[in-house]
Structures are given as structure tokens and as C-alpha cells.
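Dropping the structure in here first, questions after.
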Amino acid sequence: MFSHVPKTLIQSLAFIVRCNSVVMSDSGSCVLRDVTLCSPVGEILLSGCEKGVHTITIKLGTDKEESVHPVGKSEMSPELQRCVDWLQCYFMKPEYVSTLPLPAFHHPLMQSDSYTAHVLWTLFKEVGLGKTVSYKQLAEMTRNPKAVRAVGSAMRNNPIPLIVPCHRVLRSSGDSGSYMGGKGDDIKVWLLTHEKKALELNASKSEKPI
């Protein structure tokens, strides 16, 4: 089906669109498009198809910016645009992020019936903005309290960080633990602090007299 599609690479700074990248999922082959965002934690690469987001990758060693915006311009699928909108709100107005629709997920792992997928979906559904759990608690939430190592492995293999919030999983001691193989520990601390401030802002708003 895609044998006659020319290999096209359009690059403007860090912006990339790959029209000919194909990945197999449970629903068949997907044509992926990539979008790079500037953000307070560095550049973030989003990859997805018409059916949903496949991966979110925080690019280490890239410049951090206060605003969140795509680098360059391109037509995006509705799901990728929804992901961009969600991330912009998360970084700039996190207290409102729960009001936004989430993009669909279409990475093959998130569509599987594996224990890793079960852990990631449980984390996504049960651990909201500003909340944290330990690896042991997350294992217990999946009704498999002895699977602490498997939970750790699931966090390492999370294809959609930030939206599936593996940064909210801490060690039992309360220490933040490693992030991105230990190379993004400062990013994890930043994200947790960012969310804590959003909760404090929400609390202060709710305490104001009507």
C-alpha cells in the first residue's frame, strides 16, 4: 500500500514530519507523523497516526523554554493536535488540564492485554494531577502486590509519558527515584513541583469567598 510513497523528510529546525513512517499495530499499519514542541523541560517529540498518539519522547539536552509551541508548521491529525493542546495546557495552565479532552492512544503496547499495559492504564486512570504512588502501591492497585519489579519495567517502557504519568510513581521511601534511566531525574522533580503548585493554586481559588 505504501510502496509508492516517496521518502520525504521536511525539517525546519527541530520540526520533523515523517509521512512515510509505518508501524504495525493490532489494527493494522499506521502512517506516522511527528511534531516537535518546545517546552519547559526541553523539546518533546510527538508521534502519532490518524487513530491516536503512539509515542511522546522528551529529548534530553535540548533547550528549555517557558512557552509551549510546535517548532515549525504542518498539518496535524486531530489526535496529534489534541495532544499538542493538552501538553500546552499542562505546562502553561495545569489547573485546567482536566477540562480538556485527551487524545486517543494507538501505540501497540497500549492496545495489548499485557500486564505492562494493565499497569499503564491503571496509572493513567487512577493517579491524577499532583498525586503520587509508590511502585508497591501501584502493584497493589493492579491486584498483583508482588509485581513491584514488573511495575518498574512498565514505567521504563511507557510510550506516552506525561499523559500516562510515570513521573508520579515514587520509591517507597518517598524519594522521587530515577526518570528516563536516571538521565531525567531533574525533569521528574520539576514535573512533580509543577503539579504541586497547580494543586495549591486550585486550593487557593476554592477557598476564596463567593
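For clarity, every value in this text was computed on a predicted model and none was experimentally measured.
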Under a single-linkage definition using a 4.5 Å side-chain heavy-atom cutoff for Ile, Leu, Val, Met, Phe, Trp and Tyr, are L192 and M92 assigned to the same hydrophobic cluster?
->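 In one cluster: no.
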**Request:** Heavy atoms only: give me the nearest L45-K59 pair and the separation to one decimal.
**Result:**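 Distance-wise, the nearest heavy atoms are CB-CD, 4.2 Å.
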### Query
Can you tell me how far CD of E43 sits from CD1 of I58, rounded to the nearest 0.5 angstrom?
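Output value for this atom pair is 12.0 Å.
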- [ ] For K188 and L170, indicate whether the former's side chain and the latter's backbone hold a donor-acceptor pair under 3.5 Å.
- [x]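 Between the backbone of L170 and the side chain of K188 there is no qualifying donor-acceptor contact (under 3.5 Å).
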Just so I know, are the side chains of C38 and D63 near enough to count as touching, which here means a heavy-atom distance under 4.5 Å?
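No, every pair of side-chain atoms sits at 4.5 Å or beyond.
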Original post:
So F124 and F105, would you call those rings parallel, tilted or perpendicular, with 30° and 60° as cut-offs?
Top reply: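 Plane angle over 60°, so perpendicular.
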### Query
Between atom CG of L60 and atom CG of D186, what is the distance when rounded to the nearest 0.5 Å?
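Nearest 0.5 Å value for the CG-CG distance: 8.0 Å.
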Exercise for review: Fit a plane to each ring of H194 and Y90, take the angle between them on a 0 to 90° scale, and name the class: parallel (under 30°), tilted (30 to 60°) or perpendicular (over 60°).
Suggested key: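 The rings of H194 and Y90 stand perpendicular, inter-plane angle above 60°.
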Y96 to C89 - nearest heavy-atom pair and separation
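Of all heavy-atom pairs spanning Y96 and C89, the closest is C-SG, 3.8 Å.
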Side chains of L123 and P165, heavy atoms from C-beta outward: is any pair under 4.5 Å?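 The answer is yes; the side chains approach within 4.5 Å.
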Legend entry - F91 to P40 - nearest heavy-atom pair and separation: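 Taking F91 first and P40 second, the nearest heavy atoms are CD2-CD, 3.7 Å.
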Nearest-0.5 Å distance that lies between atom NE2 in H118 and atom CZ in R143: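 Going from NE2 on H118 over to CZ on R143, the span is 8.0 Å.
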- Message: Testing the basics here: between V169 and S134, what is the closest heavy-atom pair and its distance to 0.1 Å?
- Response: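 What the structure gives for the nearest pair is CG1-C, 4.0 Å.
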Taking all non-hydrogen atoms of both residues into account, name the closest pair between S77 and C49 and its distance.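 Smallest interatomic distance, heavy atoms only, reads OG-O, 3.4 Å.
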Q) For D175, which residues count as a salt bridge (Lys or Arg N to Asp or Glu O under 4.0 Å) partner, sequence neighbours excluded? A)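 Salt bridge (Lys or Arg N to Asp or Glu O under 4.0 Å) check on D175 returns R171.
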Problem set entry | Salt bridge flag under 4.0 Å for residues R82 and E79 |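 Judged by the 4.0 Å cut-off on N to carboxylate O distance, R82 and E79 do form a salt bridge.
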Side chain to side chain contact (heavy atoms under 4.5 Å, CB included) with K197: which of L201, L199, T193?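 Checked L201, L199, T193 against K197; only one passes side chain to side chain contact (heavy atoms under 4.5 Å, CB included): T193.
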- Message: Once rounded to the nearest 0.5 Å, what's the spacing between atom CG of L120 and atom NE2 of H107?
- Response: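 The NE2 atom of H107 is 10.0 Å from CG of L120, to the nearest 0.5 Å.
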To the closest 0.5 Å, what do you measure between CD (E195) and CH2 (W190)?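 CH2 of W190 is found 9.0 Å from CD of E195.
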Any side-chain heavy atom of H54 within less than 4.5 Å of one from P108?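 SC-SC contact between H54 and P108 confirmed.
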Side-chain donor-acceptor distances from residues 150-164 under 3.5 Å, at least two apart:
| residue | atom | partner | partner atom | Å |
| --- | --- | --- | --- | --- |
| S153 | OG | N157 | ND2 | 3.3 |
| N157 | ND2 | S153 | O | 2.8 |
| N158 | OD1 | I160 | N | 3.0 |
| N158 | ND2 | V164 | O | 2.8 |

*Nearest heavy-atom pair of L129 and A198: which atoms, and what distance?*
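Answer, listing the atom of L129 first, then A198: CD2-CB, 4.2 Å.
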Exercise for the section: Can you sort out the partners of Y179 under ring pair (Phe, Tyr, Trp, His ring centres under 6.0 Å), two or more places apart, ordered by chain and number? Expected result: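 Once residues adjacent in sequence are excluded, Y179 has no partner under the ring pair (Phe, Tyr, Trp, His ring centres under 6.0 Å) criterion.
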Would you sort out whether M76 and L46 count as a side-chain contact (heavy atoms from CB on, under 4.5 Å), showing the intermediate values? CA-CA 11 Å; M76 284 183 274; L46 315 179; over 6 Å; no
Against Q88, only a single residue in C83, P70, S39, S67 fulfils side chain to side chain contact (heavy atoms under 4.5 Å, CB included); can you say which?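 Exactly one option meets the side chain to side chain contact (heavy atoms under 4.5 Å, CB included) with Q88, and it is P70.
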How many angstroms lie between atom CG of L138 and atom CZ of R168, to the nearest 0.5 angstrom?
->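 One finds 12.5 Å between CG of L138 and CZ of R168.
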Backbone N or O of P101 within a donor-acceptor pair of the W86 side chain at under 3.5 Å?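 Not a single qualifying donor-acceptor pair exists.
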Worksheet entry | Heavy-atom check, side chain of E126 versus side chain of V133, under 4.5 Å |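 Side-chain contact under 4.5 Å: no.
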